[in-house]
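Every chain is numbered from 1 and lettered A, B, ... according to where its sequence line falls, protein lines coming before strand lines. All heavy atoms count here, side chains included; hydrogens, waters and symmetry mates do not.
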Amino acid sequence: MTLRVTLRAKAPIPLDLTFAVGPGELLALVGPSGSGKTTTLRTIAGFWRPETARVEAAGITWLDTEAGVCLPTHRRRVGLVFQDYALFPHLTAAQNVATSLGDLPRGARLREAEQLLRRVHLDGLGHRRPADLSGGQKQRVALARALARRPDVLLLDEPFSAVDRATRERLYGEIIALRSDLEMPVVLVTHDVNEAQLLADRMLVIDRGRVVRDGTTAEVMADADALRAMGIREAAVMLPAMVAEHLDDGLTRLDAATGPLFLPRIDGAPGTGVRVRIMAHDVILSRARPQGLSAQNILGGTVTRIVPGAGPGVLVHVAVGDHEILARITRRAAADIGLQPGDPVHAILKSMSVARDHVARAADDGRQG
Amino acid sequence: MDWQALWLSLSLAAWTVAILLPVSILFGRLLATRTFRGKGVVEGLVMLPLVLPPTVFGFYLLVTLGRNSPFGAAWQGLFGHQLVFSFEGLVVASVIFNLPFAIQPAQRAFEAIPTSLREAAAASGLRPLSALLRIELPLAWPGVMTGMVLTFAHTLGEFGIVLMVGGSIPGETKTIAIAIYDRVQAFDMRSAATMSSVLVAISLFTIAATFALSARMGRRLDR
């Protein structure tokens, strides 16, 4: 169940890109506005037809401009979650979901819809109309409706941009939890790099209709060209960890492969798997294990690579256990302490510098690791 | 009280509404969702009956539908009587004259449906016809119904065009509006007053019923 996409167009914006998404894989399309993310998504969904394009999902050709094939949207098995929810306002939540269940006999639709609502934790709210639901609840209904289509491709178009931060964090958890059951390719369009890094296996960075970088989130987030195209200055890594205990002083101790991490209170019972986003500019490097330092998180590792940036900085890759941490330090500092690949080094992270929404619950099977 | 004229008016209004209901849905949606060359011209033509004096409009209809026109001649060949000065002729004239009243509100209502809802309907696997019946029409219904009420009330009261195209043949083209004029001409003010008040009552009832209905639908959507 793979999605293969090739697009070439001159208008409305120049596009020239090719990519594929494997079964169960979540690809984030990232790039500045006007880069072609949304046009790409709309082409897959069948709302837009570029001059030259091929879209193939689960072995079925949805669009092939050369062969003159173009299935209308209602004949493509596509699940779509919109930025503005796009729920049918005159139907209840359950009826909204049931709309996508046209394949089932009439009597079975509402029952199946209720089941899907339970899956997104909206049990008991099936009789409500969209106007009576909160933003987060609406987006869950939209997600259930998209899944009800039993799609060969799931498309998420900036699905979290209309909800507040707390709701967004819960929805992240929802998506990550659902991921383990999803067998279809998932494409997420977002302008939020943090979101992409928390949720995606792979990132496709587009700028002016061209692929800047296509790789795993770890690769892309350490790539200077990709970071520039995304309009962000800072590289970051994702570190898998597990909630160990909630301490009385408001911190949570996490057990990471790299050793214990102390972070401001994180939701989740002990044992919950999480992923922590660590920004390269929040990491300090030290050759000796520092003593009498206020920072709580000191991770010992080995320098693997030192990549000079355009400015006065360098990006130091540090292997910590099986994982990698990035540290942005000045070229001068790197020279002063004489850092070379292969050197042992201690990475220091200030607890308070990890923002709450930089932590996401990991899926049960830890596939995101 | 000319019951025959009242009945004629009511059935003319009902026929007009019956014909314009599908027309307003089809064209209203088309004008709301598509862009094509000459769309402005089409919209302008639809609006024309609003600005033309009924007598002028009626005159051109008389010429277009008359025995000497290709359309009028074809009609006469098919049905054995001429289209003008007949009930069928009135229906045709009434349908054309009411186009703006029927289509405009429907078009506005379809325009108010966000594109993403149409797209969500397609992505849910609904064929275009099911999407129209199950998603778009329920949402656009208040607008479509407003158009139908305007059409109904407007047909009951139309005078100039009816006189030009239909004349005043009792039982065929003599509507209640013509009958009222007729009574006044004959100084029968009492009959004119009775018929006028009946017309007012019917119009008021139609509008009140519509408001009540659309308020109920509105509540259902807002809840």
Side-chain angles (χ1 to χ4, degrees), chain A residues 38 41-42 44-48 71-92 95-104 109 113 127-133 138 141-159 162, chain B residues 21 25-26 28-30 32-37 105-148 210-223:
Chain A
T38 301
L41 203 78
R42 295 178 63 76
I44 301 172
F47 302 140
W48 174 252
L71 291 188
T73 301
H74 69 271
R75 290 185 52 205
R76 303 183 184 196
R77 282 218 161 263
V78 61
L80 195 47
V81 177
F82 294 80
Q83 188 171 349
D84 62 353
Y85 323 117
L87 294 180
F88 309 128
H90 60 301
L91 301 179
T92 65
Q95 286 167 336
N96 262 279
V97 177
T99 306
S100 289
L101 292 165
D103 300 348
L104 298 182
R109 288 181 203 164
H127 62 282
R128 292 216 190 156
R129 285 181 202 282
D132 295 333
L133 296 170
K138 281 186 217 174
V141 175
L143 185 61
R145 184 178 66 182
L147 292 175
R149 180 84 177 115
R150 276 184 285 125
D152 288 337
V153 174
L154 181 62
L155 303 175
L156 311 173
D157 186 8
E158 304 257 12
Chain B
L21 179 64
I25 293 171
L26 227 67
R29 189 180 180 283
L30 191 84
T33 56
R34 299 282 167 88
T35 42
F36 51 87
R37 271 169 66 112
Q107 182 183 346
R108 296 288 164 261
F110 280 110
E111 277 168 356
I113 300 175
T115 312
S116 63
L117 279 194
R118 272 184 250 282
E119 292 175 347
S124 295
L126 294 185
R127 289 158 198 284
L129 185 64
S130 326
L132 177 67
L133 292 179
R134 288 168 57 183
I135 306 299
E136 289 192 49
L137 209 47
L139 293 173
W141 192 242
V144 173
M145 206 153 75
T146 304
M148 292 305 108
T210 317
F211 277 12
L213 262 171
S214 49
R216 223 178 73 190
M217 288 195 64
R219 264 203 306 282
R220 234 181 62 203
L221 294 188
D222 292 339
R223 243 181 11 90

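- Put simply, CG on A:Leu91 and CG on B:Leu139 are 8.0 Å apart, with the number rounded to the nearest 0.5 Å.
- What you find for B:Pro138 and A:His90 is that their closest heavy atoms are CB-CD2, 3.5 Å.
- Side-chain contact between A:Pro89 and B:Leu117: present, with at least one pair of heavy atoms (C-beta onward) separated by less than 4.5 Å.
- Of the two parts of A:Leu87, only the backbone, made up of N, CA, C and O, holds a non-hydrogen atom closer than 4.5 Å to a non-hydrogen atom of chain B.
- With a 4.5 Å cut-off on non-hydrogen atoms, B:Arg134 touches chain A through its backbone and its side chain both.
- In this structure, no portion of B:Ala131 lies under 4.5 Å from any heavy atom of chain A.
- A:Arg42 touches chain B through its side chain: at least one heavy atom from C-beta onward sits under 4.5 Å away, while N, CA, C and O do not.
- Looking at heavy atoms from C-beta onward, A:Phe88 lies in side-chain contact with B:Ser124 at the 4.5 angstrom threshold.
- Counting heavy-atom pairs closer than 4.5 Å to chain B, the top-ranked of the candidates A:Leu80, A:Val78, A:Leu101, A:Thr99 is A:Thr99.
- Of the inter-residue distances, the one linking A:Thr73 atom OG1 with B:Leu126 atom CG reads 11.5 Å to the nearest 0.5 angstrom.
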